[in-house]
Amino acid sequence: TDHTFWLAVRITIEYSLAVIVAALSVALGTALLMNRAFRGRGIFRAVLTTPWAFPDIPTTIIFLWMMNPLFGVLSEMARWLPWIHNSPSWTLDPRLALATIVLISVWKGFPFYSLVILAALQGVPPELYEAAIVDGADAPTRFRYITLPAIKPTLMLLALLAFIFSYQQYTLIWQTTGGGPAFATQTLSILIWNEAFQYFDYSYAAAVGVA
């Protein structure tokens with residue numbers, strides 16, 4: 001019967017689904033690019049792992065600097081848009097706060113998914129593409145009927161992993177918004193921490209954890 005609990009459940013599901021869709025979409029596009037033959041491909045693949053290797057706390061600090069309303073590069077780029085005249089309140093606006101932590105989470109996690117998808121792409125037999133080209137299939141058709149079915153099991157596994165990782169995410173959310181503003185980013189992990197270590201209601205925090 002606790003409204004706060006069900007609000008945290010809804011926010012957790014929204015956050016997790018947003019991270020899954022965005023991270024896998026970016027990872028799939030990046031993997032398709034990295035699967036092509038071009039000069040310096042090995043270097044780009046190595047650089048691709050950089051966001052994934054960053055610890056969570058330095059990542060949030062860097063993004064908070066980039067979102068600073070005075071000198072942040074993201075705030076400056078946002079002001080280039082004709083309908084934005086002031087720096088966005090990235091972590092203070094309830095409408096932007098959840099999108100902000102989704103953006104940070106996607107940047108942090110997509111390299112791992114991209115590398116796994118890239119490995120799956122390299123396992124697709126090239127003879128299938130050659131036969132499809134002979135039959136006159138264009139690139140979108142080859143992607144739909146060859147690439148996508150071949151990597152579908154990998155995408156399903158990564159979707160499950162992304163859901164698990166985002167469902168239990170704590171550090172990025174706490175360092176960025178602390179669950180605010182107005183509980184707009186309070187996921188279940190943040191709710192458990194607040195109930196246990198801010199309100200000292202350990203029994204209720206344990207109940208939420210079991211749920």
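Source: prediction; values computed, not measured.
Across every non-hydrogen atom of Ser75 and Met67, the tightest pair is OG-O, 3.2 Å. The two residues Arg36 and Arg41 make their nearest non-hydrogen contact at O-CD, 2.9 Å. Here the closest heavy-atom approach between residue Tyr167 and residue Ser189 is recorded as O-OG, 3.7 Å. Across all their heavy atoms, Pro181 and Pro94 have their closest contact at CG-N, 3.7 Å. Among all heavy-atom pairs drawn from Gly209 and Ile192, the shortest one is CA-CD1, 3.6 Å. In terms of heavy atoms, Phe71 sits closest to Trp65 at CE1-O, 4.0 Å.
Inter-residue side-chain proximity for Arg45 and Leu118 is flagged as met; some heavy-atom pair is nearer than 4.5 Å. Between Leu158 and Phe112 the shortest side-chain heavy-atom distance falls below 4.5 Å. You'll find the side chain of Thr147 stays beyond 4.5 Å of the side chain of Val124, heavy atoms only. Asp2 is listed as a side-chain neighbour of Tyr204, based on a closest heavy-atom distance under 4.5 Å. Contact of the Gln122 side chain with the Asn35 side chain is registered, since non-hydrogen atoms from C-beta on lie closer than 4.5 Å. Using a 4.5 Å heavy-atom cutoff, the side chains of Phe63 and Trp90 are not in contact. Under the 4.5 Å side-chain criterion, counting only non-hydrogen atoms from C-beta, Val73 is in contact with Met77. With contacts defined as side-chain heavy-atom distances shorter than 4.5 Å, the pair Thr59/Ile104 qualifies.
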Does the side-chain contact (heavy atoms from CB on, under 4.5 Å) test come out yes or no for Phe44 and Leu33, once each step is laid out? CA-CA 10 Å; Phe44 279 103; Leu33 290 176; over 6 Å; no
Pair Ile190-Thr185, side-chain contact (heavy atoms from CB on, under 4.5 Å): steps then yes or no: CA-CA 8 Å; Ile190 303 298; Thr185 60; over 6 Å; no
Begin from the C-alpha positions of Leu7 and Gln186 and carry the test side-chain contact (heavy atoms from CB on, under 4.5 Å) through to its verdict. CA-CA 8 Å; Leu7 178 62; Gln186 181 173 258; 6.0 Å; no
With side-chain contact (heavy atoms from CB on, under 4.5 Å) as the test, would you mind laying out the steps for Phe163 and Val19 before giving the verdict? CA-CA 8 Å; Phe163 183 78; Val19 170; over 6 Å; no
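Ring-plane geometry between Phe54 and Trp107 is classed as perpendicular, the angle between the planes exceeding 60 degrees on a 0 to 90 degree scale with a lower cut at 30.
Under the side-chain contact (heavy atoms from CB on, under 4.5 Å) criterion, Leu148 pairs with Phe143, Leu155, sequence neighbours left out. Remark: Thr60 pairs with Leu172, Gln175, Thr176 by the side-chain contact (heavy atoms from CB on, under 4.5 Å) rule, at least two apart or across chains. By the side-chain hydrogen bond (donor to acceptor under 3.5 Å, both in side chains) test, Thr154 is found to be paired with no residue, residues two or more places apart in sequence or in another chain being considered.
Judged by distance alone, with hydrogens and angles left aside, the side-chain atoms of Ser114 form no donor-acceptor pair with the main-chain N or O of Thr30 at under 3.5 Å. No side-chain donor-acceptor contact under 3.5 Å links Thr91 to the backbone of Thr177. Proximity of a side-chain donor or acceptor of Arg142 to a complementary backbone N or O of Ile133 within less than 3.5 Å is not detected. The backbone N or O of Ala137 sits nowhere less than 3.5 Å from a side-chain atom of Asp135 that would complete a donor-acceptor pair.
By the criterion of side-chain heavy atoms lying less than 4.5 angstrom apart, applied directly or through intervening Ile, Leu, Val, Met, Phe, Trp or Tyr residues, Tyr113 is grouped together with Leu157 in one hydrophobic cluster. Ile61 is not connected to Tyr170 by any chain of hydrophobic side-chain contacts under 4.5 Å among Ile, Leu, Val, Met, Phe, Trp and Tyr, and they are in different clusters. Connection of Val9 to Phe165 is established within a shared hydrophobic cluster, with ILVMFWY side chains joined at heavy-atom distances below 4.5 Å, either directly or through further cluster members. Note: the hydrophobic cluster containing Leu17 also contains Trp6 (ILVMFWY, side chain heavy atoms under 4.5 Å, direct or indirect links). Met156 and Val116 are members of different hydrophobic clusters when ILVMFWY side chains are connected at heavy-atom separations under 4.5 Å.
Interatomic distance, CD1 of Ile20 versus OG of Ser25, reported as 11.0 Å (0.5 Å rounding). A distance of 13.5 Å separates CD of Gln169 from CD1 of Ile164, quoted to the nearest 0.5 Å. Atom OG of Ser87 is separated from atom CG of Leu70 by 7.0 Å, given to the nearest 0.5 angstrom. To the nearest 0.5 Å, atoms CD1 (Ile57) and CH2 (Trp174) are separated by 12.5 Å. The structure places OG1 of Thr12 at 3.5 Å from CG of Leu188, a figure rounded to the nearest 0.5 Å. Distance check, rounded to the nearest 0.5 Å: CG of Leu191 to CZ of Phe5 gives 8.0 Å.
No more than 12 heavy-atom neighbours from other residues, nucleotides or ligands sit within 6.0 angstrom of CZ on Arg144. In the displayed structure, Asn86 atom CG is contacted under 6.0 Å by at most 12 heavy atoms of other residues, nucleotides or ligands. A 6.0 Å sphere centred on CD1 of Ile43 holds no more than 12 heavy atoms belonging to other residues, nucleotides or ligands.
Residue Phe110 is tested with Leu24, Leu48, Leu28 for a side chain to side chain contact (heavy atoms under 4.5 Å, CB included); the sole match is Leu48.
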